[in-house]
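Let me begin by presenting the structure, written as structure tokens, before commenting on it.
We name chains A, B, ... by the order of the sequence lines, and we start the count at 1 in each one.
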2 protein chains.
Amino acid sequence: MATMRDVAARAGVSAKTVSRVFNNDPHVLPETRSHVEQIMKELNYVPNVLATTFRSGRSSAIGVAVPDIVDPFFAAIARAVDTVARDRGVATLLTNLGDDPGRERDILESLLSRRLAGLIVAPVGVDHSWLKRWTDSTPMVFVDRAPAGLSADTFADNDEAGGYLATHHLIGHGHRRIAYVADTLRLSTETNRLAGYRRALTEAGIEPDDELVAAYVNDRESTEAAVTRLLGLPDRPTAIFSSNARSSMLVVHALPANELAVVGFGDFPMADILHPALTVIDQDPDQIGRFAANRVFERVDHPKRRLRRTTILDVTLIERESCKVARH
Amino acid sequence: MATMRDVAARAGVSAKTVSRVFNNDPHVLPETRSHVEQIMKELNYVPNVLATTFRSGRSSAIGVAVPDIVDPFFAAIARAVDTVARDRGVATLLTNLGDDPGRERDILESLLSRRLAGLIVAPVGVDHSWLKRWTDSTPMVFVDRAPAGLSADTFADNDEAGGYLATHHLIGHGHRRIAYVADTLRLSTETNRLAGYRRALTEAGIEPDDELVAAYVNDRESTEAAVTRLLGLPDRPTAIFSSNARSSMLVVHALPANELAVVGFGDFPMADILHPALTVIDQDPDQIGRFAANRVFERVDHPKRRLRRTTILDVTLIERESCKVARH
DNA sequence: TTGTACGCGTTATCAG
DNA sequence: CTGATAACGCGTACAA
């Protein structure tokens, strides 16, 4: 591993000159430059990014932290960020937070202590006030969910509107007994979707019924149990609003085909090939990722510029077939 | 951002003592230790990982580079690596390579120049000889595909056996005209699967027919075109072997339901919910990720230990319904 | 145009 | 057990 000094010694110049050549400083004689470049090639010189970052305090990488890389929604956000960052010659470092809120701080702090140029987080924790210490040294952007106990740039979907849209659409198809299926109800995204669901019902003169809300649907057993319970209800539902993609996949799997109408929150690969093809609320993770990445760079380039902190993105309904299943 | 010196000054000790406390060096008086710990808490001291890594040369992070994070196969590998690394208190930095072989080197070199403890790569490039320069400073493990022009630890699936298994299974269901659908034919994984396909045919006394091989199936149009061509053949196929998950999703989408029997290489979410549910060759990405991560740490802990370089993992056939579609 | 001195935050060495 | 000093590789400030 050749260092700058090695190159300098071999080229008969000072380390500083090598540095200048590498950073395209114009104040170098063309002949000196080409000579040094020659030696750099010979020695296969690669600058130690660590030393550069350490010295300058400015890193050329941004971090992305998401609850679960395997979730196509978060994967798509990450890829979009990577695309934007790469255009700028910036590397993207992705990390999995997992679903344990208690670990979030350790993981994020380990990322931050690498002195990244910026950080994009889809949080799982319940408190982010401890991040204040980092906010003036590292631009931070939250996606999917806003932070708790901290004011920061946020790009989130209009979950309430999405919940409303889905439910309203099912009501439009004549349904009045509509079940709500969720994973955890701890996160604000879920509670907002639930609120939208309730608003649509109330607006249509339907009394929300807590018996129709099934939470903690996150694996095959819990889904089977929830579906069985719902179908066994005396006044059983004719439709289901599944509030996240993972639950949607599970519900579609557990439900006898064409038994109930279904609308899911969050599109996923293959949703359009199912029988019946699943009607969904689309979140456009690609857009979220691009916005978040651009915001990070905007904060890097213009630290003082004043910008609206919170951006709520519209969601749209993609109508396919599952919403048209007839009421039994 | 308090530094070690700040803590040292406030605690009335030297920086080295703070360092010792932080690194649990036993040679510190308990009272000194608790006093320093107190101050560290007061000042919210977080060590600068960058400086530590820079100085010591030892990083506490490993890198993972995959062609596409959104592909559930690679995402699962990455998550498995992360799980193993976290148990060891090591952070995982994930990066997207994209499908441009030309960019691979830049991206990997940018990761390596951060002086990671190890690197796990699912390569997309055609030459990796340039990596030799890094191999003695950074343990490297390849997954999914072996490197080209470089000898390194590799955990790959038995692609040839998988291709054979799938084709043999279809032959067992009475098919003799079996099409082979692929994305690129550039990568060794694909050519090995193709070799297995040919071996199964030959072994059954069936002459491989190049007209039945459709390559470059990677988006909706190319898939439509390929399927139309295959179905229009005078002696048209009665079954398809799709050699990767992405092609499988596309083929299943483009094919009229129950028109041809299908077996796909690589399982994916929802494959079991399709109509008919897709029979697949399962690759167990979770196992690959765990193996790769453990190997990295083994190389870190025991640099001199001699280990078998290449590990070929068995694949299995998950029989569902799509292989049973009758011959028309 | 080029070079010298110094420091970023931490750890290794060696002395006390 | 504790501290002073040097060094990791590079960039900044200033001098030549």
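- For residues 28-50 of chain A, the pairs satisfying ring-ring contact (aromatic ring centres under 6.0 Å, His included) are F22(A)-Y45(A), with sequence neighbours left out.
- Ring orientation note: the planes of F54(B) and F54(A) are tilted relative to one another, at an angle of 30° to 60°.
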Under the side chain to side chain contact (heavy atoms under 4.5 Å, CB included) criterion, do T135(A) and T138(A) qualify, and how do the steps go?
CA-CA 5 Å; T135(A) 45; T138(A) 312; over 6 Å; no

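- Legend: residues meeting side-chain hydrogen bond (donor to acceptor under 3.5 Å, both in side chains) with R33(B), ordered by chain and number and at least two apart, are absent.
- For the segment residues 30-42 of chain B, the set of residues with a heavy atom within less than 4.0 Å of an atom of DNA chain C is empty.
- When DNA chain D is scanned in the 5' to 3' direction for atoms under 4.0 Å from non-hydrogen atoms of chain B, the outermost contacting nucleotides are dC1(D) to dG9(D).
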Please report the C-alpha distance between R10(B) and D6(B) in whole Å, then the side-chain angles of each, then the deciding distance to 0.1 Å, and finally whether the salt bridge (charged side-chain N to carboxylate O under 4.0 Å, His left out) criterion is met.
CA-CA 6 Å; R10(B) 184 92 100 91; D6(B) 299 333; over 6 Å; no

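- Taken to the nearest 0.5 Å, the OG1 atom of T191(A) stands 11.0 Å off from the CZ atom of R186(A).
- The ring pair (Phe, Tyr, Trp, His ring centres under 6.0 Å) search around F73(A) returns none, not counting sequence neighbours.
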Residues R299(B), L307(B); criterion side chain to side chain contact (heavy atoms under 4.5 Å, CB included); working and verdict:
CA-CA 9 Å; R299(B) 292 288 185 198; L307(B) 297 164; 3.7 Å; yes

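- Side-chain contact check for L313(A) versus D284(A): every heavy-atom pair is 4.5 Å or farther apart.
- The minimum heavy-atom distance linking A15(B) with M4(B) is given by the pair O-CE, 3.2 Å.
- For D127(B), the side-chain hydrogen bond (donor to acceptor under 3.5 Å, both in side chains) partners at least two apart in sequence or on another chain are S129(B).
- Within residues 105-116 of chain A, no residue has any heavy atom closer than 4.0 Å to DNA chain C.
- Using a 4.5 Å heavy-atom cutoff, the side chains of I120(B) and V143(B) are in contact.
- Rounding to whole angstrom units, CG of residue D25(B) and C1' of dT13(C) are separated by 14 Å.
- Rounding to the nearest 0.5 angstrom, the gap separating the OG1 atom in T95(A) from the CG atom in L108(A) is 8.5 Å.
- One end of the helix from dT1(C)-dA16(D) to dG16(C)-dC1(D) points its axis 40° away from the other end's axis, with each axis taken from 5 pairs and the angle rounded to 10°.
- In this structure, the side chain of R86(B) engages the main chain of N96(A) through a donor-acceptor pair within 3.5 Å.
- Remark: F155(A) engages F291(A) in a ring pair (Phe, Tyr, Trp, His ring centres under 6.0 Å) (not counting sequence neighbours).
- Residues from residues 3-20 of chain B that place a heavy atom under 4.0 Å from any atom of DNA chain D, listed by number: V13(B), S14(B), K16(B), T17(B), R20(B).
- Only F54(B), R55(B), listed by number, bring a heavy atom of residues 45-62 of chain B to less than 4.0 angstrom from any atom of DNA chain D.
- Summarising the geometry, the separation between CG on N23(B) and C1' on dT11(C) is reported as 8 Å, rounded to the nearest angstrom.
- Evaluation of the ring pair (Phe, Tyr, Trp, His ring centres under 6.0 Å) rule for F297(B) yields no partner, not counting sequence neighbours.
- The backbone N or O of S110(A) lies less than 3.5 Å from a partner atom in the side chain of R114(A), making a donor-acceptor pair.
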